[in-house]
Amino acid sequence: MSSTTGESVPVGTGHITCDLHSSTVVFSKLSSSYPLKLLSPRVAEHGVAIVYVMSYGGGLVGGDCMQLVVEVGKECKLLLLSQGSTKVFKTRAGNRASTRFRTSSFQPTPSSLSLQAVTTQSMEVTIAPDSALFLLPDPVTCFRSASYTQVQTFHLAGSASIVLLDWVTSGRRFMDEDWDFLRYYSVNEVFVEGRRVVRDVLLLDNSPYDTQTASESCLSNPTTRSPPRTLKDRLAPYSCYAMLLLYGPQTHGVVTDLQAKYRTISIFKRATPERFLWSLTPVDDGKGTVVRAAGVDTEDVKNWFKEVLRGLEAVVGINEYRKAFL
Amino acid sequence: MDTDFDETYVLLLLADSNLPTGSFVASSGFESYETHGFLSLPSTSNAGKGRAATAGTVAFIQDSLHTYARSALPFASDAHRAVDAFKNLKGEPDIGHDATIKKLLELDELYDTMTLNHVAKRASKAQGVALLTLYTKGFARPSGPSDEDHLSKSLTVLIDRLKLMVRGEETHGHLPMCWGVLTSVLGISLLRAQHLFLFLHARSLLSSAVRLNTIGPYSSQQLLLHSVRPLVEEEVSHNKDMHTGILMDMHHNDADNHPATTWPLGEILAVRHDLQHSRIFNS
């Protein structure tokens with residue numbers, strides 16, 4: 001297992017560059033700085049490499065800012081995994097070495113903090129011709145009052161492929177957390193040959209609107225007003241939401257399987273919601289596919305993905321695929 | 001704009017539920033929500049069955065408005081702003097044509113890449129082109145060319161060009177972009193256009209609830225006047241200053257005022273619309 005921690009790189013940054021040298025993936029760059037940590041285990045499968053993206057202590061606190069640059073070279077297959085869910089701790093205003101501030105322009109009320117330390121993760125990926133990235137981390141878990149921003153940008157060559165999983169849970173169940181974080185903001189943007197094909201932006205925000213402004217002029221009295229919906233109200237009864245994006249030739253096998261599975265669904269009127277739901281939609285005229293899923297139990301969501309993506313064994317190797325969805 | 005009816009009159013016209021805009025066949029995921037059993041969730045069913053269905057309907061409208069105001073409204077706003085800017089080039093509007101069309105197509109394209117939902121896209125395109133057709137066939141002045149001023153002629157040409165591009169599949173013709181164009185061309189202020197956009201979304205959800213019989217027609221009016229009214233106002237005031245980033249800076253990804261989906265459950269259910277064994281709506 002190789003790991004590098006360069007002292008010269010700025011705080012919380014990482015850089016992965018890999019290329020293929022006679023069927024072996026070689027990292028010309030694998031560097032990171034605290035609190036980011038990159039580990040690459042030995043891989044038997046030809047043309048395949050795995051990198052674990054982790055943070056020291058297994059979690060991120062308010063103000064942490066991580067930036068990762070990834071360059072997947074020609075004909076490489078790179079799996080980016082994590083070890084355990086990304087835990088995002090409570091936001092606190094502070095000035096750590098890796099702190100960035102966000103000014104909240106939409107809740108300028110004196111009572112709320114206008115300056116908050118947000119945890120941010122950003123990833124900028126380029127994927128060369130005939131290569132593929134498999135980004136299959138564990139879900140992000142935001143603790144009570146945490147604020148998290150994740151921005152991931154992917155630049156694909158025309159013949160490149162990507163499998164991108166982005167998922168979030170409602171918090172720590174044993175702490176009775178159920179969508180109690182402050183804010184979760186996730187952007188996934190995919191460009192193919194420079195053309196934007198998908199921009200997925202999810203905002204899960206728990207801060208209520210400043211209701212004073214809207215209601216005063218209304219005929220409605222307080223009793224007819226509907227109570228504001230919390231994040232938990234909107235997302236119930238599920239505690240895990242996932243978005244999976246598939247694009248490019250190396251995803252055709254699993255996409256065909258998913259489409260076939262999706263076509264067999266026929267919904268009859270139900271009295272109560274199912275414990276697990278998923279949907280499939282084509283993007284960019286069917287050249288890509290987006291799957292969304294939600295589950296009462298995170299474990300069910302994980303097992304479902306592990307099963308439906310099993311076709312990737314043929315692409316990255318059985319032993320390599322086994323390292324995802326542990 | 002030199003029109004002989006004022007803004008209120010145009011607003012009344014646009015709010016007419018008989019306009020052929022196709023909104024009567026769209027439930028924006030409500031039918032699927034009901035089929036999947038979400039109307040009777042514990043959080044809304046502490047009363048009798050009828051009360052639970054009403055509470056569930058209002059909950060859907062709240063969540064749907066919340067995500068629609070954040071994801072679609074900025075596109076309507078920016079399209080309106082783009083055409084308003086075009087109108088301000090009074091002297092030589094023809095120079096602005098291509099630049100304005102270009103911005104509108106960029107907005108349309110970005111909306112399409114952000115709407116990861118083929119059912120919603122289908123409904124949005126059908127309603128968008130219906131709005132453009134409504135203008136060219138219904139709202140454009142019937143009079144001869146001589147008594148029209150240069151600007152209104154130029155605006156009619158703008159919409160005609162846009163419609164042809166949608167028909168020729170050069171662009172998608174999504175509802176938010178078309179709404180912004182139509183309302184600006186008709187001389188409606190940005191704020192009124194934003195308010196009406198969300199009001200019509202909420203009202204069409206209530207109409208579909210009546211058709212699906214989750215609420216009655218009187219209850220629908222009552223909800224529209226009392227419960228939905230503050231919700232629409234709230235969403236307008238919270239989202240009126242949002243931008244798509246097309247007219248200004250695009251690559252500021254941590255921006256607090258850019259479009260986003262806020263209700264992933266709504267997305268899943270809306271995409272699953274076509275999987276329903278029987279259905280009466282198109283979305």
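Residue numbers begin at 1 in each chain, while the letters A, B, ... track the order of the sequences. Reckoned from all heavy atoms, side chains included, excluding hydrogens, waters and symmetry mates. Since the structure is predicted, the reported quantities are computational estimates derived from the model, not experimental observations.
The existence of a salt bridge linking B/Glu109 and A/Arg196 is excluded, since no basic side-chain nitrogen approaches an acidic carboxylate oxygen closer than 4.0 Å. B/Glu267 and A/Arg234 are not joined by a salt bridge, as no carboxylate oxygen comes within less than 4.0 angstrom of a charged side-chain nitrogen.
Heavy-atom pairs under 4.5 Å with chain A peak, among B/Thr262, B/Ile268, B/Leu265, at B/Ile268. Of the listed residues (B/Thr261, B/Val58, B/Thr115, B/Asp274), the greatest number of heavy-atom pairs within a distance under 4.5 Å of chain A belongs to B/Thr261. Top candidate by heavy-atom pairs under 4.5 Å with chain A, chosen from B/Lys121, B/Gln276, B/Gln222, is B/Gln276. For the set A/Leu231, A/Thr272, A/Val290, A/Asp200, the entry with the most heavy-atom pairs within less than 4.5 Å of chain B is A/Thr272.
Contact of the A/Leu203 side chain with the B/Arg70 side chain is registered, since non-hydrogen atoms from C-beta on lie closer than 4.5 Å. Between B/Pro264 and A/Leu235, the closest side-chain pair of non-hydrogen atoms falls below 4.5 Å. In this structure, B/Thr113 and A/Val198 have side chains that are not in contact, with every pair of non-hydrogen atoms separated by 4.5 Å or more. In this structure, the side chains of B/Leu110 and A/Arg199 come closer than 4.5 Å at one or more pairs of heavy atoms. In this structure, B/His36 and A/Leu277 have side chains that are in contact, with non-hydrogen atoms separated by less than 4.5 Å. Counting heavy atoms from C-beta on, the side chains of B/Tyr33 and A/Pro273 never come closer than 4.5 Å. A 4.5 Å side-chain heavy-atom check between B/Leu275 and A/Arg263 finds every atom pair outside the cut-off.
Each of A/Ile265, A/Thr281, A/Leu280 was checked for a side-chain contact (heavy atoms from CB on, under 4.5 Å) with B/Arg272, and the lone residue meeting it is A/Ile265.
Around atom CZ of B/Arg279, more than 12 heavy atoms belonging to other residues, nucleotides or ligands sit under 6.0 Å away. Counting heavy atoms of neighbouring residues, nucleotides and ligands inside a 6.0 Å radius, atom NZ of A/Lys287 exceeds 12 of them.
Heavy-atom distances place the backbone of A/Ala271, and not its side chain, under 4.5 Å from chain B. Contact annotation for A/Tyr241: only side-chain heavy atoms (C-beta onward) come within less than 4.5 Å of a heavy atom of chain B. For A/Leu202, the parts lying near chain B are the backbone and the side chain together; criterion is any non-hydrogen pair under 4.5 Å. For B/Leu269, the part sitting under 4.5 Å from any heavy atom of chain A is the side chain, from C-beta outward, and nothing else. At a 4.5 Å heavy-atom cutoff, the contact between A/Tyr262 and chain B is made by backbone and side-chain atoms alike.
Here the side chain of B/Glu34 pairs no donor or acceptor atom with the backbone of A/Lys269 at under 3.5 angstrom.
From A/Ser279, atom OG reaches atom NE2 of B/His118 across 9.0 Å, with rounding to the nearest 0.5 Å.
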Q: Might you work through the side-chain contact (heavy atoms from CB on, under 4.5 Å) test for B/Met114 and A/Val201, ending with a clear yes or no?
A: CA-CA 7 Å; B/Met114 290 192 70; A/Val201 185; 3.6 Å; yes

Q. Could you walk me through whether A/Arg229 and B/Asp63 pass the side-chain contact (heavy atoms from CB on, under 4.5 Å) check?
A. CA-CA 8 Å; A/Arg229 301 270 290 168; B/Asp63 296 345; 2.7 Å; yes

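Across all non-hydrogen atoms, the minimal contact from B/Gln62 to A/Pro227 is NE2-O, 3.1 Å. What you find for A/Ala236 and B/Phe38 is that their closest heavy atoms are O-CE2, 4.1 Å.
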